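As structure tokens, the structure follows; a few thoughts come after it.
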Protein chains: 2
Amino acid sequence: MKKVSESTVARLSVYLRLLSERESEGVEMMSSGELAKLAGATAAQVRKDLSAFGTFGKRGLGYPVAELSGVLRSILGLERHWRVALVGAGRIGMALLGYQDFRRQGFPIVSAFDADRTKVGQRRHGVTIRADAEMERALVEEAIEIVIVAVPVEVAQEVVDRVVRSGVRAILNFAPTKIEVPAGVALKNVNMALELEALSYALSAGRRGRRWAAGARA
Amino acid sequence: MKKVSESTVARLSVYLRLLSERESEGVEMMSSGELAKLAGATAAQVRKDLSAFGTFGKRGLGYPVAELSGVLRSILGLERHWRVALVGAGRIGMALLGYQDFRRQGFPIVSAFDADRTKVGQRRHGVTIRADAEMERALVEEAIEIVIVAVPVEVAQEVVDRVVRSGVRAILNFAPTKIEVPAGVALKNVNMALELEALSYALSAGRRGRRWAAGARA
DNA sequence: GATTGTGAATTATTTCACAGCT
DNA sequence: AGCTGTGAAATAATTCACAATC
């Protein structure tokens with residue numbers, strides 16, 4: 001089994017989305033070229049990405065759409081649901097709580113916590129917000145597997161440390177700050193400020209007449 | 001002027017945040033090593049990143065914090081405010097409207113649009129939501145420079161096309177789909193589903209005993 | 001003595017190109 | 001004939017290592 005880069009994993013998600021669409025349209029086979037075109041990649045890249053996990057295509061024909069969807073779903077661990085908890089029920093947290101797509105895609109938010117007394121006890125989208133102090137116990141008892149951290153920058157690292165100590169091994173962080181996690185814990189960041197700044201750079205660099213990469217990391 | 005990769009630009013944002021913090025604490029000089037440690041990079045990388053834009057350090061001493069902050073702010077185009085509009089006032093869009101940090105960081109959302117009749121006319125966080133049909137004209141008249149697209153996947157490309165035709169050259173897309181923009185238009189994506197799937201992959205791969213990159217793209 | 005700036009070396013990622021199936 | 005799977009080649013990103021400078 002080869003080592004797999006983060007960009008490869010990101011592309012697999014994209015491929016899966018496209019394959020699922022086509023599958024529901026009744027398409028049965030798809031070539032690496034077609035898939036690449038839709039995904040904004042090259043045919044060779046599609047094949048290399050897949051080749052890290054096995055050989056799924058039929059030479060001369062392409063890939064069986066339904067089968068490959070299944071394989072990708074399995075590789076990405078999307079055949080099951082993951083129990084997700086939310087820490088921090090501010091504006092972003094609340095919006096995520098209401099975002100039904102997460103549930104549909106296999107990431108139901110089953111618990112939510114906040115340090116703000118006035119928020120505790122409120123029920124939102126089927127989840128009752130509980131006190132921050134109850135977090136550790138609940139994460140363990142409810143077998144939470146992924147935690148979404150949407151707390152202010154100042155407390156983000158501290159909250160992550162507590163989450164990690166509770167045995168959670170996957171964290172999605174929305175706080176715009178560098179978070180440290182021990183090896184064996186997966187961390188992903190969503191940093192909107194960073195993306196806006198990259199746009200600001202592109203606009204400024206453009207005006208200065210410098211060429212820049214119009215980034216398309218999906 | 002060397003070409004600058006997207007990851008370099010992302011790191012510049014991180015450096016700037018750290019430098020600003022230290023600056024407010026009264027720190028005057030900082031070495032590439034210190035900065036790297038805080039940023040989760042290497043000293044050489046910090047120096048390489050900066051060297052693409054000029055030479056700002058003093059050998060034997062490090063970098064003057066205040067000066068370098070200023071330089072980075074200038075490089076990233078953060079010395080000015082950018083006029084931002086929001087298209088799509090659903091859960092995510094509304095949350096972004098209320099997110100005061102954007103305003104504070106120089107990205108005030110000055111206009112918002114939605115196709116939903118019932119939302120039009122509502123005032124939220126100082127911005128009145130207007131009809132989708134008014135978008136093109138408003139983007140031009142109000143000299144909007146960055147548009148945040150938070151509409152459903154099905155209409156995202158279409159909305160982006162309209163935005164681009166209105167002369168906007170920077171787009172932050174929240175719809176989890178591949179968006180095409182012409183050269184000269186900067187596009188950044190925030191795709192929470194993708195990040196969750198990467199976490200799912202990491203958890204699954206971990207269980208399978210495969211090593212994986214616990215990605216820390218900030 | 002410490003730290004920068006930067007070519008050279010290394011490592012990672014992407015693309016090429018073609019033998020091998022269907 | 002068409003398309004995959006994959007080594008080899010090309011390109012990109014990162015790290016090394018050291019002369020230059022403060």
Side-chain angles (χ1 to χ4, degrees), chain A residues 1-15 19 22 27-65 67-68 71-72 75 198 211-218, chain B residues 1-15 19 22 27-65 67-68 71-72 75 198 211-218:
Chain A
M1 187 65 68
K2 290 154 198 161
K3 76 176 192 309
V4 177
S5 75
E6 286 192 49
S7 17
T8 291
V9 175
R11 283 191 299 265
L12 293 183
S13 287
V14 174
Y15 302 157
L19 286 163
R22 288 302 167 284
V27 177
E28 293 192 356
M29 297 295 285
M30 225 172 146
S31 70
S32 56
E34 293 174 86
L35 191 48
K37 193 158 180 194
L38 295 168
T42 67
Q45 183 141 70
V46 169
R47 298 199 299 271
K48 260 272 154 55
D49 285 340
L50 296 175
S51 76
F53 298 94
T55 98
F56 311 111
K58 302 203 189 319
R59 293 177 191 227
L61 298 171
Y63 297 88
V65 173
E67 199 182 311
L68 185 55
V71 168
L72 289 182
I75 290 170
R211 81 196 117 105
W212 77 93
R217 209 196 69 94
Chain B
M1 186 65 65
K2 290 153 196 159
K3 78 178 192 305
V4 177
S5 75
E6 286 192 48
S7 15
T8 291
V9 175
R11 283 191 299 267
L12 293 183
S13 287
V14 173
Y15 303 156
L19 287 165
R22 290 300 166 288
V27 177
E28 293 192 356
M29 296 296 283
M30 223 172 149
S31 71
S32 56
E34 293 174 84
L35 190 49
K37 194 161 179 191
L38 294 168
T42 66
Q45 182 141 73
V46 168
R47 298 200 297 273
K48 259 274 154 60
D49 285 340
L50 296 176
S51 77
F53 299 94
T55 99
F56 312 111
K58 304 203 189 315
R59 292 173 193 230
L61 298 172
Y63 297 88
V65 173
E67 198 182 309
L68 185 55
V71 168
L72 289 182
I75 290 169
R211 80 195 119 104
W212 78 92
R217 208 194 70 93

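Chain letters run A, B, ... following the sequence lines, proteins first and then strands; every chain starts at 1. Bear in mind the structure is a predicted one, so any value in this text is a computation, not a measurement.
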If I take atom CZ in residue F56(A) and atom P in nucleotide dT22(C), what distance separates them, rounded to the nearest angstrom? 16 Å
Looking only at non-hydrogen atoms, find the nearest pair between F56(B) and Y63(B) and report the distance. C-CD2, 3.7 Å
Starting at atom NZ of K37(B), determine the distance to atom C1' of dT3(C), rounded to an integer number of angstrom. 17 Å
dG5(D) OP1/OP2 closer than 4.0 Å to side-chain N/O of Y63(A): yes
Mind calculating the distance between CG (L12(A)) and P (dT13(C)) to the nearest angstrom? 14 Å
Answer with yes or no whether R59(B) presents, from its side chain, a donor or acceptor under 3.5 Å of a partner atom in the base of dT3(C). no
For atom CG of L61(A) and atom P of dC21(C), their distance in whole Å: 15 Å
S32(B): which of K37(B), R47(B), K48(B) passes side chain to side chain donor-acceptor pair (under 3.5 Å): R47(B)
Is the phosphate of dT15(D), meaning OP1 or OP2, less than 4.0 Å from a side-chain N or O of Q45(B)? yes
Nucleotide dA12(D), atom P - distance to CZ of R11(B) in whole Å: 16 Å
Option from L68(B), L38(B), V46(B), L61(B) for which side chain to side chain contact (heavy atoms under 4.5 Å, CB included) with M30(B) holds: L38(B)
S31(B) side chain, from C-beta outward: closest of dT4(D), dC16(D), dT3(C): dT3(C)
If I take atom CG in residue D49(A) and atom C1' in nucleotide dA12(C), what distance separates them, rounded to the nearest angstrom? 14 Å
What is the nucleic acid contact for S32(B), judged by heavy atoms within less than 4.0 Å: base, sugar-phosphate only, or nothing? sugar-phosphate
Any donor-acceptor N/O pair under 3.5 Å between dG7(C) base and K48(B) side chain: yes
Protein-nucleotide distance (R47(A), atom CZ; dT4(D), atom C1'), rounded to Å: 6 Å
Closest non-hydrogen atoms of D49(B) and T8(B), given as atom of the first, atom of the second and distance, are OD1-OG1, 3.1 Å
Does T42(B) make a side-chain N or O approach to OP1 or OP2 of dT15(D) shorter than 4.0 Å? yes
Between E34(B) (side chain only) and S31(B) (backbone N and O only), is there a donor and an acceptor less than 3.5 Å apart? yes
Using heavy-atom distances to pick each residue's nearest nucleotide on DNA chain C, tell me which of A41(A) and G54(B) is more 5'. G54(B)
For F53(B) and dT6(C), give me the distance from atom CZ to atom P, rounded to whole Å. 14 Å
